[in-house]
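What follows is a single structure, written as structure tokens, with notes after it.
Because the structure is predicted, anything quoted here is derived from the model rather than measured.
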Amino acid sequence: MQHGSSSRLRAIFNVTSGNFLEQYDFFLFGLYAKAIGETFFHSDSSYAALMKTFLIFAVSFLMRPIGALVLGPYVDRIGRRKGLMVTLSIMAVGSLLIALTPGYATLGFAATALIFIGRLAQGFSAGVELGGVSVYLSEIAEPHNRGFMTSWQSASQQVAVIFAAVLGYIVSLAFTKAQVDAWAWRIPFFVGCAIIPFIFWLRKSLQETEAFTSRKEHPTTRQILSTLAANWKIVLIGMSMVATTTTMFYFITVYTPTYGKEVLHLTTAESLIATVMVGASNFILLPIGGYLSDKFGRKPLLITTTTLIFITAYPLLNWLTQNISLSHMLMALLWLSLLYSFYNGALVVSLTEMMPSSVRIAGFSVAYSLATSLFGGLTPMIATYLVEQSGSKSMPAFWLMFAAIVSLIATLIVFRQRQSQPTQPTQPPNIKTQLVSSSSH
């Protein structure tokens, strides 16, 4: 693998292209949740259709841990490049199913089933996509800029959010609300399908990382799973640390259009403008968060941001819901964007550093996908439920606070263990593992 800055820039662009597609489709599903619900579900209640859509959104995340356990060891065994081509192929199948499946009025329950299968395929591939991209970036980075380099995994997702929101805004201008709800919501999905061949071409040019090619041993899937089982505590702590970043991300991006339109009663255009601004803010701030974690350490950012989320989430949303306007929504979301970006900038690289090298993608993917299943993927559904049942528009703040306290406790545990006894990960016989860590962090 070449180490020049230009080759690294190309590698970042090429490897994150699939990450872009994954997040693009996930965001569109949240953006058009109401239209999708009315298209593919038979229900007399708009709330019931929306909840069913968010349920499928959440259930697809349950496939992530399965994808991580099945594909993670496979990628750790065959290599990062080949594995990322596999995840992209599965992701493409899910995208095509969602874009092309006729509605309930045409196919009946079969339409619902096909959408469900498409979402499960996307969840299955996403279970290792984020881990594969993050580890690839971590392994081509230098020790002094590993946080900055890995931050581009999350930054690429923000490009997807911005692109999808802008496209959604154009669709909302070009067609009436009735047309969008009936069929025009599919247009952004078709656009996503159209760029799949280009992303395949980009990923084919990836080179394998030196960290993988230089390994003398490439353990079998059984050995990798044994190592994961032996290090279950590291995976559990990693999952708890990811709780905040995945919950915050899905709240300020995927759920924002629904929150703006259905809860705060802003216009579709206003909700999408807010989403574009959040995506742009995240894109700028995430690399800064990664840089700060390289400069000052992972621990200060992780502790400070989770504490601030816990303290400010409810007052912030309560203030917003008492003073509803686009400008106030932007102010609230940009504050959450700052906290999310700085936390994520330190979190992703910390997770790659925690995992044994021989199971780095599998360990990262299992931890991340479990957190996304139990926290992030449930966020739109839980937020919708909390608002509906309580009658309070600021209740989703308590879900953010819960995730923050879980991550804060996990962060304190992991860094206390590093300081008191910097032990290596547990390993079963005949498996050489290595905890990649930075002594300054």
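- Under the rule for a side-chain hydrogen bond (donor to acceptor under 3.5 Å, both in side chains), Thr253 has no partner lying at least two apart in sequence or in another chain.
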Problem - Val171 vs Tyr32, side-chain contact (heavy atoms from CB on, under 4.5 Å): CA-CA, chis, key distance, verdict - result: CA-CA 11 Å; Val171 169; Tyr32 293 112; 4.1 Å; yes

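- Scanning all heavy atoms of the two residues, the minimum distance from Leu308 to Thr312 falls at O-OG1, 2.6 Å.
- The aromatic rings of Trp185 and Phe40 sit perpendicular, their planes meeting at an angle over 60°, well past the 30° parallel limit.
- Side-chain contact check for Tyr24 versus Pro188: some heavy-atom pair is nearer than 4.5 Å.
- A pairwise comparison of heavy atoms in Leu326 and Glu270 identifies CD1-O, 3.4 Å as the closest pair.
- Remark: of the listed residues Thr150, Val135, Val133, Thr150 is the sole one forming a side chain to side chain contact (heavy atoms under 4.5 Å, CB included) with Val348.
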Problem - Stepwise side-chain contact (heavy atoms from CB on, under 4.5 Å) test for Tyr255 and Thr384 - result: CA-CA 9 Å; Tyr255 182 63; Thr384 300; 3.6 Å; yes

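- Residues Ile162 and Gly279 approach most closely at CD1-C, 3.5 Å, considering heavy atoms.
- Of the residues listed (Leu336, Val161, Leu334, Thr379), the one engaging Ile252 in a side chain to side chain contact (heavy atoms under 4.5 Å, CB included) is Leu336, and it is the only one.
- A salt bridge does not link Glu353 to Lys299: none of the charged side-chain nitrogens sits closer than 4.0 Å to a carboxylate oxygen.
- Between Trp152 and Phe283, the ring planes are perpendicular. Angles over 60° get that label, and only those under 30° would be called parallel.
- Heavy atoms of other residues, nucleotides or ligands lying less than 6.0 angstrom from CZ of Phe200 number more than 12.
- More than 12 heavy atoms of other shown residues, nucleotides or ligands fall within 6.0 angstrom of atom CH2 in Trp183.
- Paired with Tyr314 under the rule ring-ring contact (aromatic ring centres under 6.0 Å, His included), one option of Phe402, Phe398, Trp319 passes, and it is Phe398.
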Exercise for the section: Go through the steps to decide whether Tyr343 and Thr304 satisfy the test side-chain contact (heavy atoms from CB on, under 4.5 Å), and finish with yes or no. Expected result: CA-CA 8 Å; Tyr343 182 81; Thr304 301; over 6 Å; no

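- With hydrogens and angles left out, the side-chain atoms of Ser156 and Thr16 include no donor and acceptor closer than 3.5 Å.
- What you find for Ala11 and Ile140 is that their closest heavy atoms are CB-CD1, 3.8 Å.
- Within a 6.0 Å sphere centred on CE of Met395, heavy atoms belonging to other residues, nucleotides or ligands number more than 12.
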